[in-house]
J.: 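Dropping the structure in here first, questions after.
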Amino acid sequence: MGMNAASILNGLLQKNTRRTRTPPTNSITITNSIKDHLNSGSLKKAVSILFAAPVPVPSYIYARLFNLCSSSRAIVEARKVESHLVTFCERPPIFLLNRAIEAYGKCGCLEDARELFEEMPHRDGGSWNAIINAYSQGGCAEKAISVFSRMNKLGVAANEITFASVLGSCAVILSLFLSRQVHGLIIRCGLCWNVILGSSLVDVYGKCRIIGDARRMFDEIPNPNAVSWNVIVRRYLEMGDEREAITMFFKMVEANARQLNFTFSNALIACSSIFALKEGYQIHNVAIKVGFEEDTVVMNSLINMYAKCGGLEGACRLFDQPGSKNVISWTSIVSGYATSGRTAEARELFNKMPERSVVSWNAMLAGYVKFLLWEEALDFVFSMRKTTKDIDHVTLTLILNVCAGSLDVELGKQVHGFVYRHGFFSDLFVCNALLDMYGKCRSLRYSRVLFFEMGHWRDRVSWNAFIGSYARHHQSEVAMEMFREMLWETTPSEFTFGTLLAACANIFTLKQGKQIHGYMIRNGYEIDLVVRGALVDMYSKCRSLEYAIKVFNEAVLHDVILWNSMLLGCAHNGRGVDVLELFGLMQEEGIKADHVTFQGILLACIGEGFVDHGRQYFNSMSDKFCIIPRLEHYECMIELFSRYGFIDELEDFIKRMPFEPTVEMLTRVFDACREHEHSKLGEWAAQRLNEFKPLTPFQFETLPEPDLGKL
DNA sequence: AAATTTTTAC
């Protein structure tokens, strides 16, 4: 302890001076020589000349030396200058020692800074500022604050520099209590008109998520500068109030304040996340007007905004401008195509990328995942693992989504192992994706183990995933019990209610479903379209069609999903005529039917025996509604013809299908033929059934080995 | 003399 480089050098210096009685060197010559080196920026030479001279130099030379040490982060030189100073100046001026503390702080040597500060026989306010700032800049917010409180106890007056550092530290530890106290002190010192302190207060209140106070502080700043505006825009964005972030940006334009490129990117992020294409376009115009269209950050943010807000053409136009192509803009473009479902084009662009980062791979993969293209996604993961060893928490989350979507619990377990081995276990997003995967793969055992292993750093999403796995196992009582358990720890979200209601719908427990509905009303939860759909579904599956209709009618807005819930609800309750009537109303409202709508309609036709109608509706799908009938629609038609004995039509239908009939279809046809005594078609079906060989189960091991564990 | 924000792509 205490034998740092400075003190060793100190000792050497003293020995040196004692032994060799060098004649007093001309101090002016030395000073001039050091000045020359300082002017040409060669710090090392300046310091070595100083170090060789056993005489003090004027204070301003030491000051310049320390400043250069600070800006070039030269710790060795800083130590040499300090040791020279304390050796040859009997009582070094305090302000020079303050410079030394600053230099140590800037070099990140907080221990040197602290030691010097503690050893100083006399300190002034600047010494306190220097050490507090060193701590606050060096990432030791708590230490900065504790030195500040020591300073206060000793009655040393703080100034704006002190407060700026302290507020910076408050913003790191997110202490609202402390921030308010410092705010009080600032007011008492009459410093609240200082722009920097004002902006810092906006910053710290915003970071503590007291956005109202942040805004009040902002409004009190007499002349907000570029940083002040940037902070308020950024804080609104982080609060999720994108509208206000954009509004503040335009206010800034009105106020003629100078923009920073970051302010543009913050405002554009706000536009992206609420799909505000029009506002984004206006911001683009501002960027052109103030000459920011060359700035890479602004350019990339603009490309990203257009790509996200559905203005892909605009994004491409910017992208095609010379000098606009880099990894980030490439990735934005690929992501724009991928997330809008144009995966083939996205992939083509992706393949053309001159350079890719892990984010580029993730963007492409996210596209496959979003559009449920599990096979493509899996192939893509394999080539990703072959091409690069880059992988991050986002990749892992996406791979887990693929596992969940394709119900591949084996691959999921491999990923789980990878997560353990590579230190991703502390990532809540990854762990929640693991929980979700086990839940969707119906691996309740693994879900439970993981959920309890996660202990108390789980969040609301973890609970939702966990409750979801019980719901999927039709254990709605346990799901409800877990819900009550959840309330001790966190607050539920709309997603929770959707999950619980689906669980109730699956096992037809009206009582619990009503409890959840009641809980939501009592606690003032907004019933959004998803939850409303789940409620309609639950009530109708629990045979409370009247409630279902009531919930349906209470909606201000009916989207196609809500209509579908209602249609299917009626269909499941044997109210086929109502289904067809509702379908008419739905079209009057101008809602475009989708494939689920037609499933409801066809089910209604089956229930009512409307064979003609069924046939017409089925044909209208592709003729009028541009919906390609899916497997389930073909199944409905086969059921319709089979149940009502339309065997000739059945034969015609099944033999003209654009794909091979499934085992289930053939079995149904076979049964229908037996019932309606139609041996010809029955024999045909029986023969086709015999051709089916037992399926070999999908083996992950036989695929090219990705071995997620080895990299 | 010194200090505040921000770091764009999943």
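Heavy atoms only: backbone and side chains are in, while hydrogens, waters and symmetry mates are out. The sequence lines fix the lettering, A, B, ..., with proteins before strands; numbering per chain opens at 1.
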J.: Without decimals, in angstroms, what is the distance between A:Phe148 CZ and B:dA3 C1'?
T.: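 It is 14 Å, rounded to the nearest whole Å.
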J.: Name all residues meeting the side-chain hydrogen bond (donor to acceptor under 3.5 Å, both in side chains) criterion together with A:Asn351; count only those two or more places apart in sequence or in a different chain, and write none if there are none.
T.: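 Checked A:Asn351 against side-chain hydrogen bond (donor to acceptor under 3.5 Å, both in side chains); matches are A:Arg347.
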J.: Would you kindly give the CG-to-P distance between A:Asn194 and B:dT5, to the nearest whole Å?
T.: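 Distance check: A:Asn194 CG to B:dT5 P gives 14 Å.
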J.: Within this structure, what is the CG-to-P distance between A:Asn67 and B:dA2, rounded to whole angstrom?
T.: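 A:Asn67 atom CG is separated from B:dA2 atom P by 8 Å.
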J.: Just how far, in rounded Å, is P of B:dC10 from CE of A:Met353?
T.: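 Atom CE in A:Met353 sits about 12 Å away from atom P in B:dC10.
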J.: Return the minimal non-hydrogen interatomic distance between A:Asn300 and A:Ser332, and the atom names on each side.
T.: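 Distance-wise, the nearest heavy atoms are O-OG, 4.4 Å.
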J.: Can you confirm if the aromatic rings of A:Trp330 and A:Phe319 lie within a centre distance of less than 6.0 Å?
T.: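 Centroid distance A:Phe319-A:Trp330: below 6.0 Å, so yes.
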J.: Just how far, in rounded Å, is P of B:dT4 from CD1 of A:Ile186?
T.: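 Nearest whole value for this atom pair: 13 Å.
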J.: Looking at residues at least two apart in the chain, or sitting in another chain, which of them share a side-chain hydrogen bond (donor to acceptor under 3.5 Å, both in side chains) with A:Ser136?
T.: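 Listed in chain order: nothing, the list is empty.
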J.: Find the distance A:Leu260:CG to B:dT4:C1' and express it as a whole number of Å.
T.: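 Atom CG in A:Leu260 sits about 12 Å away from atom C1' in B:dT4.
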J.: Taking the six-membered ring for Trp, are the ring centroids of A:Phe249 and A:Phe264 within less than 6.0 Å of each other?
T.: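 So the answer is yes for these two rings.
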J.: Think A:Lys370 has a side-chain N or O under 4.0 angstrom from the OP1 or OP2 of B:dC10?
T.: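 The answer is no; no side-chain N or O of A:Lys370 sits under 4.0 Å from OP1 or OP2.
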J.: Distance check needed: B:dT4 P versus A:Ile132 CD1, whole Å only.
T.: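 It works out to 13 Å between those atoms.
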J.: My understanding is that only residues two or more places apart in sequence, or in another chain, count here; which of them pass side-chain hydrogen bond (donor to acceptor under 3.5 Å, both in side chains) with A:Glu111?
T.: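 A:Glu111: side-chain hydrogen bond (donor to acceptor under 3.5 Å, both in side chains) contacts with A:Arg114.
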J.: Where along residues 356-365 of chain A does a heavy atom come under 4.0 Å from DNA chain B, residue by residue in number order?
T.: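 Per residue number, the list reads A:Ser357, A:Val359, A:Asn362, A:Ala363.
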J.: Is the phosphate of B:dA2, meaning OP1 or OP2, less than 4.0 Å from a side-chain N or O of A:Lys106?
T.: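 For B:dA2, neither OP1 nor OP2 has a side-chain N or O of A:Lys106 closer than 4.0 Å.
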J.: Is any side-chain N or O of A:Gln137 closer than 4.0 Å to OP1 or OP2 of B:dT4?
T.: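 Yes, A:Gln137 has a side-chain N/O under 4.0 Å of OP1/OP2 on B:dT4.
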J.: Among residues at least two apart in sequence or on other chains, which ones pass side-chain hydrogen bond (donor to acceptor under 3.5 Å, both in side chains) with A:Ser301?
T.: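 Expected list: none.
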J.: Answer with base, sugar-phosphate or nothing: what part of the nucleic acid does A:Asn326 contact at a heavy-atom distance below 4.0 Å?
T.: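 No contact.
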J.: Counting N and O atoms only, with roles assigned by atom type, does the side chain of A:Ser324 sit under 3.5 Å from a partner on the main chain of A:Asp320, one being a donor and the other an acceptor?
T.: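 No, A:Ser324 side chain to A:Asp320 backbone: no donor-acceptor pair under 3.5 Å.
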J.: Which of residues 223-243 of chain A sit near DNA chain B, with a heavy atom under 4.0 Å from it?
T.: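 Per residue number, the list reads A:Val227, A:Asn230, A:Val231, A:Arg234, A:Arg235.
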J.: When we call it a touch if two heavy atoms are under 4.0 Å apart, what does A:Asn129 touch: a base, just sugar-phosphate, or nothing?
T.: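 Touches a base.
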J.: Separation of A:Arg258 atom CZ from B:dT5 atom P, in whole Å?
T.: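 About 16 Å, once rounded to whole Å.
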J.: Look at the side-chain N and O atoms of A:Asn304 and state whether any lies under 4.0 Å from the OP1 or OP2 oxygen of B:dT8.
T.: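 No, outside the criterion.
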J.: Can you tell me which residue among A:Phe382, A:Phe380, A:Tyr368 is in a ring-ring contact (aromatic ring centres under 6.0 Å, His included) with A:Trp361?
T.: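 Result: among A:Phe382, A:Phe380, A:Tyr368, A:Phe380 is the only option passing the ring-ring contact (aromatic ring centres under 6.0 Å, His included) with A:Trp361.
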J.: With ring centroids as reference points, do A:Trp128 and A:Phe148 lie under 6.0 angstrom apart?
T.: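 Centroid separation for A:Trp128 and A:Phe148: 6.0 Å or greater.
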J.: Classify the nucleic acid contact of A:Ser199 as base, sugar-phosphate or nothing, counting any heavy atom under 4.0 Å across all strands shown.
T.: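 Result for A:Ser199 = base.
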J.: Looking across every strand, which nucleic acid part, if any, lies under 4.0 Å from A:Ser200 by heavy atom: base, sugar-phosphate, or nothing?
T.: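 Sugar-phosphate, no base atom in range.
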